[in-house]
Structure formats: C-alpha cells, structure tokens
Amino acid sequence: MIHAVYPGSFDPLHNGHLDIIRRASRIYDRLTVAVLHNPLKDRYLFDIDERVAIVNEVVKNLRGVEVDSFHGLLADYMRDIEATVIVKGLRAISDFEVELQMAHLNRQLNAELETTFIMTATRWSYVSSTRVKEIARFGANVSKLVPAATERRLRACFADPEQG
Ligand code: PNS
C-alpha cells in the first residue's frame with residue numbers, strides 16, 4: 001500500500017497539474033494532493049481555502065485521490081501523515097534543476113522519502129499557474145489550459161477591479 005503526496009502551491013490548479021494527478025492516481029494506491037499553506041506569503045492570487053476548493057471540485061470523481069493542505073516542511077508533513085512517496089511533475093530541464101535539489105534535501109530531512117517524477121504530457125508542458133494568471137488578468141480565454149472550476153474562479157477574481 002503506497003501513499004503518495006503531490007505537493008504544490010496550486011495557485012491555481014491547471015490542466016498540467018490535473019494530468020499529473022490522474023496519472024499518479026493510477027500508479028499509487030492512495031494519492032494526497034497537498035496544497036501549501038504559507039501564511040507569511042501574500043503572493044498568492046487565491047487563498048488556501050479557494051485553492052483547496054478548486055482541487056476538491058476537480059478531483060472529486062477520481063478514485064484514491066484526496067486533498068489536504070499543509071504548512072511548514074513537506075518532509076515533516078509526510079512523516080505526520082505516514083506517506084513515503086513524493087510525486088512531482090517535470091516539464092523541462094529548468095524544473096529538473098530545482099526538483100533535484102528539493103529531492104535531495106527532502107531525503108536528508110526524512111530518510112524514508114522517495115521523490116518520483118512524472119513527465120508532464122507534451123500538450124501541457126508550456127502551462128504554468130503564473131502564465132495562466134497573466135493571461136486571465138488581461139481578459140483572454142484560458143479555458144483550454146485550466147479546468148472549469150479554475151476558469152470560473154479566475155473570471156470572478158478578475159471581474160473584481162480590486163484584484164486587477
Ligand atoms: O507549486 P510549487 O510552488 O512549485 O510547489 C513547491 C512546493 C510546495 C512543493 C515546495 O515549495 C515545498 O515543498 N514547500 C514546503 C516547504 C519545504 O519543505 N521546503 C524545503 C524543500 S527542500
């Protein structure tokens with residue numbers, strides 16, 4: 001019984017994330033999508049409740065997938081929930097450099113951990129939350145890049161002039 005965790009900011013969830021969630025859920029018995037809650041960072045567009053709500057809405061029909069939030073170190077969170085496998089998506093070499101460092105550090109912090117990588121499907125390899133937000137902020141259509149739950153919230157968010 002392997003319990004894996006797919007951690008991230010998910011600000012907001014896009015189709016590349018969903019691709020990784022679907023594929024990881026076929027590999028592992030149990031998959032927790034863990035949304036990082038960092039109260040010190042105000043750089044998020046969506047607060048923790050909104051980011052978790054989007055993921056919940058999108059994964060509700062996927063078997064073996066649950067959603068949680070965490071704060072502090074991922075290695076500690078993994079120990080707390082007794083999960084041993086970290087899942088990460090890799091889009092490009094630039095992701096790999098960052099992820100290699102994190103994988104080594106996470107293993108140093110918690111020797112039980114293994115980080116596994118899933119190569120993002122080519123069609124989503126250029127999608128990032130940052131670019132999705134940038135496009136949506138200027139009113140362009142992101143429906144091909146994100147699930148409906150994300151699109152709806154982006155629209156609502158940027159319809160509010162305070163957020164622009
Ligand atoms: O979606 P992101 O922002 O690329 O996800 C990064 C995330 C949340 C996986 C990473 O920042 C993380 O694990 N943060 C928790 C704090 C931590 O454990 N830092 C040390 C990593 S070696």
Side-chain angles (χ1 to χ4, degrees), residues 2-25 27-28 30-59 62 65-137 142 145-147 149-151 153-154 157:
I2 300 182
H3 182 186
V5 169
Y6 178 34
S9 302
F10 304 108
D11 183 41
L13 183 97
H14 55 66
N15 286 348
H17 294 132
L18 183 55
D19 170 55
I20 301 296
I21 293 170
R22 283 210 180 99
R23 290 161 62 199
S25 74
I27 300 172
Y28 301 110
R30 189 175 163 199
L31 179 72
T32 298
V33 182
V35 184
L36 178 66
H37 176 38
N38 187 346
L40 296 177
K41 283 202 180 165
D42 56 9
R43 68 184 172 93
Y44 298 120
L45 179 62
F46 294 103
D47 67 24
I48 185 66
D49 293 338
E50 289 172 304
R51 287 180 283 136
V52 167
I54 293 172
V55 185
N56 261 319
E57 192 175 328
V58 171
V59 306
L62 289 180
V65 179
E66 51 209 86
V67 186
D68 194 11
S69 62
F70 75 105
H71 59 88
L73 290 175
L74 177 63
D76 291 339
Y77 168 72
M78 301 281 297
R79 198 179 281 113
D80 290 346
I81 66 163
E82 298 180 357
T84 51
V85 174
I86 300 170
V87 176
K88 291 293 188 82
L90 279 185
R91 290 168 298 195
I93 297 290
S94 48
D95 282 346
F96 179 76
E97 288 179 12
V98 176
E99 294 299 342
L100 181 71
Q101 186 184 37
M102 281 202 273
H104 283 307
L105 288 170
N106 277 323
R107 232 163 98 77
Q108 199 178 76
L109 292 165
N110 175 350
E112 301 297 310
L113 295 181
E114 287 295 348
T115 302
T116 61
F117 297 100
I118 294 179
M119 306 306 146
T120 304
T122 324
R123 63 192 297 225
W124 309 125
S125 62
Y126 56 90
V127 180
S128 70
S129 296
T130 304
R131 295 296 167 225
V132 163
K133 285 181 280 194
E134 192 171 73
I135 294 166
R137 177 171 278 122
V142 291
L145 307 177
V146 299
T150 300
E151 194 196 1
R153 283 176 179 80
L154 281 169
C157 182

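Read the numbers this way: they start at 1 and go in the same order the structure lists the ligands and their atoms. Only this structure's heavy atoms are used, side chains among them; waters, hydrogens and symmetry mates stay out.
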Below the 3.5 angstrom mark, is there an N/O of S9, backbone or side chain, next to an N/O of ligand 1? yes

N/O of M102 under 3.5 Å from N/O of ligand 1, yes or no? no

[atom]: which protein heavy atom is closest, and how many Å away?
atom: atom 22 (S) of ligand 1; value: L105 CB, 3.6 Å
atom: atom 7 (C) of ligand 1; value: G8 CA, 4.5 Å
atom: atom 20 (C) of ligand 1; value: L73 CD2, 4.0 Å
atom: atom 11 (O) of ligand 1; value: L36 CD2, 4.3 Å

Counting only heavy atoms from other residues, nucleotides and ligands, does the tally under 6.0 Å from CZ of R22 exceed 12? no

G72: numbered ligand 1 atoms lying under 4.0 Å from its heavy atoms: 15 (C), 16 (C)

Does ligand 1 have any atom sitting under 4.0 Å from a heavy atom of S129? no

Which option wins on minimum heavy-atom distance to atom 21 (C) of ligand 1: N106, L74, N110? N106

Give a yes or no answer on whether the side chain of E57 reaches the backbone of I54 with a donor-acceptor pair at less than 3.5 Å. no

Do the side-chain N and O atoms of H14 and S128 include a donor-acceptor pair separated by under 3.5 angstrom? no

Under 4.0 Å between a side-chain nitrogen and a carboxylate oxygen: does that hold for K88 and D95? no

Taking 4.0 angstrom as the limit, do E134 and R131 come out as a salt bridge? yes

